[in-house]
Amino acid sequence: MIDLNLSEQERSRRDSLKKLTDLGINPYPAESFFTNISSREILESFDDEKPEKLKDLSLAGRVMSRRIMGSASFAELQDEKGRVQLYFRRDDICPGDDKTMYNTVFKKLLDIGDIIGVKGYAFRTKMGEVSVHVTSFELLSKSIHPLPVVKQKDDKKYDAFTDPDQRYRNRSVDLIVNPHVRKVFEKRTQMTNSMRQFLNEKSFMEVETPVLQPLYGGAAAKPFKTHHNKLDQTLYLRIANELYLKRLIVGGFNAVYEFAKDFRNEGMGRFHNPEFTQMELYVAYRDYLWMMELVEAMVEKIAIDLHGDTKVKVGDHTIDFKRPWKRYTMFEAIEKFNGIDISEMDEQALKETAGKLGVDVDNSMGKGKIIDEIFGETVEKKLVQPTFIMDYPVEMSPLAKKHRTKDGLVERFEAVCNGKEICNAYTELNDPVDQRQRFEEQLLLAKRGDEEAMMLDEEFIKAIEVGMPPTAGLGIGVDRLAMIMTNSHSIQDVIFFPQMKQEAKQEVDAPEAFVELGIPESWVPVVQKAGFLTTDELKAQNPNKVHQLLCGMNKKHKLGLKNPTQDDVKAWVEGA
RNA sequence: GACUGAUUAGCUCAGCAGGUAGAGCAUCUGCCUUUUAAGCAGAGGGUCCGGAGUUCGAACCUCCGAUCAGUCACCA
């Protein structure tokens with residue numbers, strides 16, 4: 001019985017699968033296949049003077065193309081490191097009289113996408129390409145779902161697999177056929193390795209803190225809410241890990257960091273995924289000025305590790321991460337870009353200024369939020385080269401320490417790059433009395449309608465009441481930084497499996513429901529393929545039309561079923 | 001959430017003013033002992049996103065819905 005839901009190609013591959021089994025070949029063998037070289041190593045180490053140095057090779061990978069010419073053939077094998085061409089000759093693969101392995105297994109039953117292991121030796125073809133002359137091969141895994149075939153000539157791609165929706169939903173395939181996608185993720189991992197190395201060399205300790213939290217805090221954002229059954233208690237997925245890392249500082253660790261998946265129940269877009277990665281770092285006995293130097297040094301190192309240079313191409317810009325970066329206070333930055341000094345303004349004057357600058361404000365916004373809006377609208381987008389913005393209004397920063405000299409401000413900085421914030425850092429607030437007051441001010445903001453105002457966390461306050469050393473803290477948006485370092489336009493390009501809307505599932509009745517109407521079992525798939533997925537849908541149809549449709553399908557797909565009579569179909573439809 | 005656009009074969013895309021679908025690659029059948037987006041000859045493959053409407057007739061026109069993309073708004 002033909003499965004009508006499969007394409008012709010999928011059916012053909014399932015056929016091959018069966019034929020292989022019939023030949024006694026296990027399409028999914030269990031044994032290890034040991035390789036001793038990669039495609040890249042072959043290409044790099046081949047020596048025309050001494051080709052015999054590359055013999056007794058064993059390599060494995062995926063067949064990505066085949067060019068068959070009678071008793072000799074070429075194929076391309078793709079492994080983790082790249083591709084190498086394979087040369088198959090019938091009489092080498094099958095030295096004896098039995099040519100099955102070449103004529104049948106290789107030529108007929110092997111498909112693009114299959115994973116094979118080969119043994120052979122390296123040589124250079126007449127066309128000048130270093131290749132592997134295969135002496136034997138074995139199937140390691142059969143692919144029964146066809147792969148998009150991307151061809152390439154002179155750097156020009158043909159039929160590239162480009163639809164973003166398909167690519168994100170089907171990342172495995174994306175990674176197989178789009179090597180540039182794979183490179184982005186290699187770079188991302190190189191980046192986090194580089195950060196870990198930088199921090200570990202300074203003897204900072206990598207730690208883990210809870211993702212499920214009874215109270216969410218440490219940032220201004222809306223959370224995902226969940227429930228623990230046994231405790232019968234509401235839990236939130238963390239929006240930040242700040243409050244837990246600070247507890248570790250209280251506990252006596254002097255420098256801790258965590259690569260944390262955080263979750264925010266907010267909009268999605270080019271710069272936003274509901275789950276994203278942040279690296280937070282806390283160091284005792286340090287302040288935000290010290291932290292600025294650390295950020296510069298770390299990001300400069302990342303650029304050099306990834307690109308061998310402090311300059312990185314991002315879109316139309318070249319961004320230079322060479323130290324030192326420019327530094328402005330927030331008021332200086334606003335004055336520089338707008339020519340207006342807002343440092344002495346009260347809430348009313350700020351509102352009017354915002355209006356003049358075309359920045360939207362509403363009544364839920366306090367003084368700090370208005371300043372932040374003005375900055376975000378008129379300055380941030382224009383900062384391309386890495387720049388530190390320092391000294392934020394206290395209202396916006398309930399976890400940061402008040403500025404040592406400037407009233408109404410806190411010791412906080414953000415680094416802005418390519419028009420976007422890449423990190424956020426404070427001299428941390430360690431005064432428990434002030435901390436409690438700040439939380440209470442947040443509660444007032446919440447009452448004014450600010451949905452993202454922070455919650456009061458008694459447990460956290462209790463911890464810093466014990467005494468937290470003066471501390472500098474930092475959060476870096478790992479995805480955002482990865483976007484810059486890999487020149488990616490969208491956050492979805494640096495996250496393996498970005499959040500996607502679920503494809504709507506069609507309602508389908510079980511085959512038994514159709515059989516109950518008197519429809520023979522063999523006809524049920526045909527009825528469903530014809531578009532009648534539920535018995536209710538069938539009920540709404542004109543029986544004659546259904547009859548014609550079904551008989552047509554039988555003929556078209558050569559199903560060889562005995563056609564029902566018009567009366568049969570009428571009975572099915574009316575019974576439904 | 002708003003606006004604009006997209007959705008046709010496994011993949012990339014055509015389809016001009018409404019007359020029930022085309023190409024290249026992939027697949028299948030032949031031929032070919034060093035090819036390279038291999039070539040040559042032949043074949044099969046499509047609820048034209050879903051639904052309703054207008055019409056003698058819809059991939060194409062109208063309306064509703066789904067999904068995606070881009071831009072904007074909120075947020076890292």
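Residue numbers start from 1 in every chain, and the chains themselves are labelled A, B, ... in the order their sequence lines are given, proteins ahead of strands. Side-chain atoms are counted along with the backbone in the values below, which use heavy atoms only and exclude waters and symmetry mates.
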If the cut-off is 4.0 Å, is [X] near the phosphate of [N], judged by side-chain N/O to OP1 or OP2?
X        : N     : value
A/Arg11  : B/G44 : no
A/Lys151 : B/A26 : yes
A/Arg67  : B/U35 : no
A/Lys107 : B/C31 : no
A/Gln492 : B/A69 : yes

Of the candidate nucleotides [options], which contains the atom at the shortest distance from the side chain of [X]?
X        : options             : value
A/Pro148 : B/U67, B/C11, B/U12 : B/C11
A/Ile112 : B/U27, B/A76, B/G44 : B/U27
A/His489 : B/U27, B/G70, B/A76 : B/G70
A/Phe74  : B/U67, B/U35, B/A73 : B/U35
A/Glu129 : B/C75, B/U35, B/U36 : B/U36
A/Glu8   : B/U27, B/G10, B/A73 : B/U27
A/Ala72  : B/A76, B/U33, B/U71 : B/U33
A/Arg66  : B/U27, B/A76, B/U35 : B/U27
A/Phe161 : B/U12, B/U36, B/A38 : B/U12
A/Met69  : B/A38, B/G44, B/U71 : B/A38

- Task: Taking A/Arg62 for its side chain and A/Gly113 for its backbone only, find out whether a donor-acceptor pair lies under 3.5 Å.
- Result: yes
- If only atom types and distance count, is the side chain of A/Ser131 paired as donor or acceptor with the main-chain N or O of A/Phe123 below 3.5 Å? no
Whole-Å gap separating [atom2] ([N]) and [atom1] ([X]):
X        : N     : atom1 : atom2 : answer
A/Phe224 : B/A76 : CZ    : P     : 15 Å
A/Leu6   : B/G44 : CG    : P     : 21 Å
A/Lys420 : B/C74 : NZ    : P     : 10 Å
A/Ile176 : B/G10 : CD1   : P     : 19 Å
A/Glu280 : B/A76 : CD    : P     : 13 Å

Using a cut-off of 4.0 Å on non-hydrogen atoms, how would the nucleic acid contact of [X] be classed: base, sugar-phosphate, or nothing?
X        : result
A/Lys369 : sugar-phosphate
A/Leu147 : nothing
A/Asp479 : nothing

- Around A/Lys382, counting heavy atoms of other residues, nucleotides and ligands shown, do more than 12 lie under 6.0 Å from its NZ? yes
- Note on the structure: For B/U55, the nucleotide meeting Watson-Crick or G-U wobble distances (both under 3.5 Å) is none
- If pairing requires Watson-Crick or G-U wobble contacts with both distances under 3.5 Å, which nucleotide is the partner of B/G39? B/C31
- Message: Please compare A/Thr277 and A/Val150 by the position of their nearest nucleotide in RNA chain B and report the one closer to 5'.
- Response: A/Val150
- Start at the 5' end of RNA chain B and walk down; is the nucleotide closest to A/Asp163 or to A/Tyr87 reached first? A/Asp163
Any N or O donor-acceptor pair under 3.5 Å from the base of [N] to the side chain of [X]?
X        : N     : result
A/Glu76  : B/U36 : no
A/Thr125 : B/U35 : yes
A/Gln9   : B/A26 : yes

- If you round to the nearest 0.5 Å, how far is CZ of A/Phe276 from NZ of A/Lys261? 11.0 Å
What interatomic distance, in whole Å, is found between [atom1] of [M] and the corresponding atom of [N]?
N     : M     : atom1 : answer
B/C72 : B/A14 : P     : 26 Å
B/C25 : B/U20 : P     : 26 Å
B/U29 : B/G65 : P     : 48 Å
B/C61 : B/A17 : P     : 10 Å
B/A69 : B/C56 : P     : 41 Å
B/A37 : B/C49 : P     : 34 Å
B/A9  : B/U47 : C1'   : 14 Å
B/U8  : B/G24 : C1'   : 15 Å

- Message: Using the rule side chain to side chain contact (heavy atoms under 4.5 Å, CB included), only one of A/Tyr216, A/Phe224, A/Phe263 pairs with A/Tyr236; which is it?
- Response: A/Tyr216
- salt bridge (charged side-chain N to carboxylate O under 4.0 Å, His left out) between A/Glu258 and A/Arg238, worked out: CA-CA 13 Å; A/Glu258 178 175 17; A/Arg238 70 178 166 202; 3.3 Å; yes
- Item | Whether A/His133 and A/Tyr87 hold their rings parallel, tilted or perpendicular, with breakpoints at 30° and 60° | perpendicular
- Query: Parallel, tilted or perpendicular: which describes the rings of A/Tyr392 and A/Phe375, with under 30° parallel and over 60° perpendicular?
  - Reply: perpendicular
- Are A/Phe276 and B/A76 stacked, counting the six-membered base ring, centres under 5.5 Å, planes under 30°? yes
